[in-house]
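Please read the structure below before turning to the comments.
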Amino acid sequence: MSIETQLRDTLGDRAARLPDASGDLDAVRRRGHRRRRWQQGGVVAAVAVVVAAGIGVVAPSVVRTPTITPIGGDGVEALLILCDDRRCPAPDDADLVALEAALTANDNVIGFRYDTPERTRERFAEELGHRPALVDGLDTDRLPTTIELRLAGLDGVHETYAELDGVDRVVAAGGLPPPLSADEIHAQLSEDYDPELGPEDVDVLHREIIGGAFVVVAETPASDTRPSPTGIRGILAVWVPDPEGLWEWVRRGMTDVPVGEQGWTASDTLPDGARVVAWARVHDPNARIESAAPLRRTAVHHLAGEPSGLAIVEGSGDPRIVVD
Amino acid sequence: MDAEASFEGFWSARRDRIRRALALTLNDAELASEAVDEAMTRAYARWGRVGELDDPSGWVFRVGLNCARSALRKRRLRPIASAEVLERSGGAVEIAGASVDVSMDLWEAVVSLPVKHREVLVLRFYLDWSIERIAGALELPAGTVKSRLHRGLQTLHEHQGVWT
């Protein structure tokens with residue numbers, strides 16, 4: 001008997017042994033009606049937040065980050081308030097409007113970015129009835145006002161949040177869902193890049209949220225299906241958020257270049273139109289990036305212990321690593 | 001057919017199969033019941049949109065699975081296929097006879113798989129969904145579904161010597 005047939009039989013047998021549970025359609029309907037009312041309330045509250053944010057823009061003395069945009073979506077359960085110390089010195093009525101909006105549209109936890117001032121957190125804590133968690137470890141220069149956070153994994157980036165009491169999920173506001181866990185990265189890259197490889201074969205060198213995408217630079221051993229003269233392949237993988245703002249990252253692109261005498265380089269386009277260029281094992285100290293478009297940022301990260309880096313180029317320039 | 005009747009028809013025809021598929025995926029019948037009802041509630045609240053989807057069952061399965069994951073995270077983020085869950089779910093089933101033992105061995109191998117492999121195996125071999133339908137429901141590329149099916153079956157093959 002084939003494994004498929006055995007599996008079919010086993011699953012059918014197992015499912016048949018499950019206890020009956022007919023469910024309560026009327027209860028589902030009652031809850032569903034209530035959800036509809038909440039959703040409608042959330043729309044009204046979102047308008048209030050936009051108005052409040054607008055007031056902040058026209059009144060220079062109240063320069064601050066628009067606090068929250070309530071976001072719908074299935075499974076949205078919590079919001080994170082980001083309140084930058086330099087731009088949000090203290091909560092005001094608009095903050096409380098935003099807070100009310102968040103609580104109307106979402107019935108769960110609110111967290112604060114790590115640099116939110118204590119007095120702000122105290123004020124919100126009074127309203128919430130509990131002290132929201134602090135969140136750290138993100139690319140704060142590029143944060144939207146709120147960010148989604150998924151606690152799918154307990155390693156790597158997620159580990160920071162998993163230890164924070166009170167943060168369950170944080171909602172994207174047209175911005176950035178959470179990074180994948182290291183396990184997910186390994187598994188997805190090994191599966192989608194080359195099924196011959198196992199997760200343990202993927203060496204993640206760098207991961208970062210840039211331009212609305214989650215960018216991973218990795219290396220894997222070469223294989224029969226993806227050979228390389230030196231036995232190593234470089235990967236630049238780009239994930240973008242699930243369009244529904246749910247839990248999943250959708251891998252949009254992955255490029256790889258064989259390792260040669262002068263290392264490897266790969267590039268891709270980010271959702272905001274910028275180009276991201278990764279390189280590693282480029283040993284020549286004179287190696288540089290050439291691009292027709294301006295560089296937004298470049299940094300050497302010493303990936304894999306070798307001269308290497310990640311560069312972001314504005315627009316669709318054709319960046320490349322040049323070794324004279 | 002009005003929306004109420006349409007949803008009621010969907011509930012009657014699909015809820016139990018989805019619940020059982022979730023139970024197999026999660027290895028937790030109780031959690032599956034909670035998850036499918038939460039997903040059904042969300043579907044009902046926006047039935048005008050969900051009911052028009054190509055595959056509302058796929059939507060409910062995916063949302064139910066995500067709800068279950070959230071619930072597990074709230075339980076201090078314990079793994080879905082932890083020994084505790086396995087014991088709770090598996091312990092409720094009477095086992096008698098060698099043939100059932102073989103089935104249980106395979107089942108134990110199934111629950112040892114990562115959830116992402118298990119979910120595609122359940123959808124493919126319990127619900128008999130096509131690759132394309134699974135890909136649509138889970139919002140994955142078809143190639144990824146194939147890859148996960150292949151890897152899941154390969155792992156079961158590797159364990160096959162244990163029960164044959």
Side-chain angles (χ1 to χ4, degrees), chain A residues 1-25 27-39 72 74-75 77 108 150-154 158 162 168-169 183-184 187-188 190-192 195 198-199 242-244 246-248 250-251, chain B residues 4 7-8 11-12 15-17 19-21 23-24 29-30 32-33 36-47 59 62-63 66-67 69-70 73-74 77 92-94 100 102-104 106-107 110 114 116 121-122 125-126 128 138-141 143-144 147-148 150-151 153 156-157 160:
Chain A
M1 190 186 295
S2 72
I3 189 73
E4 290 86 350
T5 303
Q6 290 182 63
L7 180 58
R8 206 179 293 275
D9 291 347
T10 296
L11 293 175
D13 177 64
R14 186 78 187 185
R17 290 163 181 261
L18 289 167
D20 288 332
S22 56
D24 186 342
L25 176 58
V28 164
R29 280 179 165 145
R30 282 194 300 275
R31 287 200 302 269
H33 281 300
R34 204 156 54 233
R35 299 283 172 83
R36 283 180 190 162
R37 286 198 294 274
W38 289 348
Q39 288 162 11
D74 309 308
E77 292 175 352
N108 214 313
R150 181 174 60 151
L151 298 178
L154 291 178
H158 290 181
D168 179 69
R169 176 175 300 128
D183 277 351
E184 288 171 298
Q188 287 201 20
S190 60
E191 279 184 3
D192 297 341
D242 182 316
E244 289 189 22
L246 294 178
W247 293 262
E248 295 295 333
V250 180
R251 206 203 68 228
Chain B
E4 289 292 332
F7 180 79
E8 188 169 342
W11 166 281
S12 301
R15 179 190 173 278
D16 192 55
R17 289 282 281 178
R19 176 182 70 89
R20 290 175 192 273
L24 294 172
E30 184 182 335
S33 289
V36 75
D37 283 344
E38 175 59 26
M40 281 287 185
T41 298
R42 295 178 189 192
Y44 179 76
R46 46 179 72 79
W47 187 243
W59 188 94
R62 178 163 56 89
V63 170
N66 286 332
C67 291
R69 285 173 171 148
S70 292
R73 279 174 215 134
K74 286 177 182 172
L77 307 166
V93 177
E94 288 290 329
V100 176
V102 168
S103 171
M104 284 304 295
L106 178 55
W107 172 246
V110 170
K116 65 181 182 178
L121 290 175
V122 168
F125 295 106
Y126 173 63
D128 287 323
L138 301 180
E139 296 195 335
L140 293 170
T144 301
S147 163
R148 291 181 181 181
H150 171 75
R151 184 154 291 197
L153 289 172
L156 296 179
H157 266 300
Q160 198 170 21

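To find a chain, count down the sequence lines: A is the first, B the second, and so on, and within it residues start at 1.
- For A:Ser22, the part lying near chain B is the backbone, with the side chain staying farther off; criterion is any non-hydrogen pair under 4.5 Å.
- Expressed to the nearest 0.5 Å, how far CZ of B:Arg19 lies from CG of A:Leu18 amounts to 6.0 Å.
- The distance from the CG atom of A:Asp9 to the CG atom of B:Leu106 is 9.5 Å, given to the nearest 0.5 Å.
- Of all non-hydrogen atoms in A:Val28 and B:Tyr44, the two that sit nearest each other are O-CD2, 4.1 Å.
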*Output, in order, the C-alpha distance, side-chain angles, deciding distance and verdict of side chain to side chain contact (heavy atoms under 4.5 Å, CB included) for B:Trp107 and A:Leu11.*
CA-CA 8 Å; B:Trp107 172 246; A:Leu11 293 175; 3.8 Å; yes

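- A:Ala27 does not touch chain B: none of its heavy atoms, backbone or side chain, sits under 4.5 Å away.
- Rounding to the nearest 0.5 angstrom, the gap separating the CG atom in B:Leu156 from the CD atom in A:Gln6 is 9.5 Å.
- Counting only heavy atoms from C-beta outward, the side chains of B:Asp37 and A:Asp24 never approach each other to under 4.5 Å.
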*Let me see the working for A:Arg29 and B:Met40 under side chain to side chain contact (heavy atoms under 4.5 Å, CB included), right down to the final yes or no.*
CA-CA 9 Å; A:Arg29 280 179 165 145; B:Met40 281 287 185; over 6 Å; no

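- Considering only residues two or more places apart in sequence or on other chains, B:Ala21 meets the side chain to side chain contact (heavy atoms under 4.5 Å, CB included) condition with B:Phe61, B:Val122, B:Tyr126, B:Leu127.
- Considering only residues two or more places apart in sequence or on other chains, B:Ser147 meets the side chain to side chain contact (heavy atoms under 4.5 Å, CB included) condition with A:Glu191.
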*Test side chain to side chain contact (heavy atoms under 4.5 Å, CB included) applied to B:Thr41 and A:Arg30, step by step*: CA-CA 9 Å; B:Thr41 298; A:Arg30 282 194 300 275; over 6 Å; no

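- Under the 4.5 Å side-chain criterion, counting only non-hydrogen atoms from C-beta, B:Leu153 is in contact with A:Leu7.
- Across B:Asp16, B:Leu121, B:Val36, the residue that shares the most heavy-atom pairs under 4.5 angstrom with chain A is B:Leu121.
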